[in-house]
Amino acid sequence: MSENPTPEIIEPSDGARNTRRTGKVSSRTIEHYVAPLEETPLLAVDFVDETAEPQSMWSQAWRSLRKRPLFIISAFLILLVIVVAAFPQLFSHVDPTACRLDDSSETARAGHPLGFTLQGCDVYSRIIYGARASFLVGLFTTIIVVVFGGVVGALAGYYGGWLDAVLARLGDIFFALPLILGAIIVMQLPAFRDNRSVWTVIITLAAFGWPQMARITRGAVIEARGADFVTASRALGLSKFRALVNHVIPNSLSPVIVIATISLGTYIVAEATLSFLGIGLPPEIMSWGNDISNAQTQLRNNPETLMWPALALSITVLSFIMLGDAVRDALDPKARKG
Amino acid sequence: MFMFISKRFLQLIPVFLGATLLVYFLVFATPGDPIAALSGGKPMAPAVEEALRAQYNLDQPFWIQYGLYLKSLVTFDLGQTFSGQEVSDVLGRAFPVTARLAIMALAFEAVFGVIFGVIAGMRKGKLFDSTVLVASLIVIAVPTFVLGFVLQFFVGVKLDWAKPTVGVGAPWGDLILPAAVLGLVSLAYVIRLTRTSIIENKNADYVRTATAKGLSRRRVVSVHILRNSLIPVVTFLGADLGSLMGGAIVTEGIFNVPGVGNLLFKAIKAGETPTVVAVVGVLVLIFVLANLVVDLLYAWLDPRIRYV
């Protein structure tokens, strides 16, 4: 071998082929045991369209999502709930607070498609106007949980060490208290009991919901932090924190988005459960949980006043769970292939 | 093995201390006065108030209060309710009922969850699989209390197949319906977990080996695939035992089960803070112990996990 490491380019000459056939290897030339190009033609499979725009994981996921019926149905239902929560007056002209005891437990009639509650309120318009409180609780609890749990989980997973140990134990402590049990204890504290509002419910649910999100983010960040592109970005001179923000977090987002979507639904259920127990939203706020709670005494005489708000609640929650499922499938390349 | 158990046990101590401290801090260190709740918000003679403060150790600094509370939990001397009963007596009566309810719910979700999960997983994409998936989503989406009322109304009242409420002494038969309601949401999760796990494992090399050496399909599925797919399911079930005990509040309320959840909810409504804190402390203890049992089960399921 020569001192110069520059690879020698060997033309596939007849001589070289003969050498290989006879098994005699020249001491000077470097033999490349690569079939000549004409024996391995470029197949259509190997064709790369170099003019095609590069696709990010998100755009691929979006292309796959658009075709899923599950996604279309759930996205449509969620949009509907959002519009109803924002503009309830578009969907009902009946004032949900104008209740006449003359109408107590009346069945459906023109203009009041779902009948009346015990107090003589219109069930349909209460469902429409109740969407806002339920949706707000779900949305803001999820936002707080994702921001707080996400930051805690990302820091713990990325920096590791004592920070991780402390934050993991802290999470374990909160895990030892089931969500509803913890929320019941907090909601009955005098400070919360006397100022019940949408926000006290949101803060309480978020206080017991963040450890789950922190765990999920932590796992995803630990998986992403060792990736080659992170090492590369650090080698290019990015500070450790910039690498976390620019590269690690964007690549750990998919499980967080999935869990956030699903838990938005479960927080709506949790709000309803707390309201059902009489310690959630105050009675003057219209919400599905409060309406179901009020209807329970009438279950045997007038089960419809319980069923309709329960149905609205369940369909909303179901849409969020289905959306989460669809997004999970779209973001997981393994699942997409199969 | 002994080393492992003691190590895991020691790890539980900070979790237990932290969780009880959290509850205690939340309940006693926030504005508002537990003694005021006892008198129903009416003014009280100063001497009586002093005596009550001393009885519940509220005249002590916070850390001493917490220390005394921990001592009472460990010695199971939990103090008295506002009506003068021993909390440990009340809890001792309520606890077996809830334990029975939680065990029945756990058995229900474990048995049906694993069976349905295995069938759905082995027939991925078939009709049974899609039906189970949709049904489980619906069960997750409908709140427990709605499920409880609906089942109580139809199964208990209309069809008269089971008792709509639980009678004195809470016999096993009366608890079937409440246990099913309590376990239903977790059942949906167990089905989905088992299904995913089975799908991951059913094409593994060891399954092909087992089939190739001539084992029957039943044995391949029930011993080779199932045992290897059970770890996430067991984790879930273990954690669920704690939440079933604590989360039985709603179910016990609907079916009038005289259990811990009912006791806890009444105490919360009445503002009986010492009772609340005592009961929650016991529940947290059960939860962390259930997690320890799960850890021990791992080794049986997966001999690769060694206790070091």
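A, B, ... follow the sequence lines: proteins, then strands. Residue 1 opens every chain.
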Check your understanding: Can you say whether B:L285 sits under 4.5 Å from chain A via the side chain, the backbone, both, or neither, judging by heavy atoms?
Key -> neither
Study note, to complete from the structure: Heavy-atom closest pair (B:P143 atom, A:L313 atom, distance to 0.1 Å) is CG-CD2, 3.1 Å
Review point. Is there side-chain contact between B:T144 and A:T273, with heavy atoms separated by less than 4.5 Å?
Key: no
Practice item. Could you tell me which of A:L277, A:L311, A:T316 has the largest number of non-hydrogen atom pairs under 4.5 Å with chain B? Key: A:L277
Review point. When the ring planes of A:F276 and B:F149 are compared, do they come out parallel, tilted or perpendicular, using 30° and 60° as the limits?
Key: perpendicular
Practice item. Go through A:V317, A:L170, A:I173, A:I292 and name the one with the most non-hydrogen pairs under 4.5 angstrom from chain B. Key: A:I173
Practice item. Test B:I140 against every option in A:I262, A:I321, A:V269 by the side-chain contact (heavy atoms from CB on, under 4.5 Å) rule and name the one that passes. Key: A:I321
Exercise for review: Kindly determine whether B:L22 and A:F174 satisfy side chain to side chain contact (heavy atoms under 4.5 Å, CB included), including the steps that lead there.
Suggested key: CA-CA 8 Å; B:L22 179 72; A:F174 277 88; 3.9 Å; yes
**Study point:** Flag side-chain contact, heavy atom, 4.5 Å: A:D325 against B:R192
**Key:** yes
Point to revise | Which portion of A:L306 sits near chain B, non-hydrogen atoms under 4.5 angstrom | key: side chain
Review point. What distance separates A:M322 CE from B:L133 CG, expressed to the nearest 0.5 Å?
Key: 12.5 Å
Point to revise | Student check: side-chain heavy atoms of B:V146 and A:S314 closer than 4.5 Å | key: no
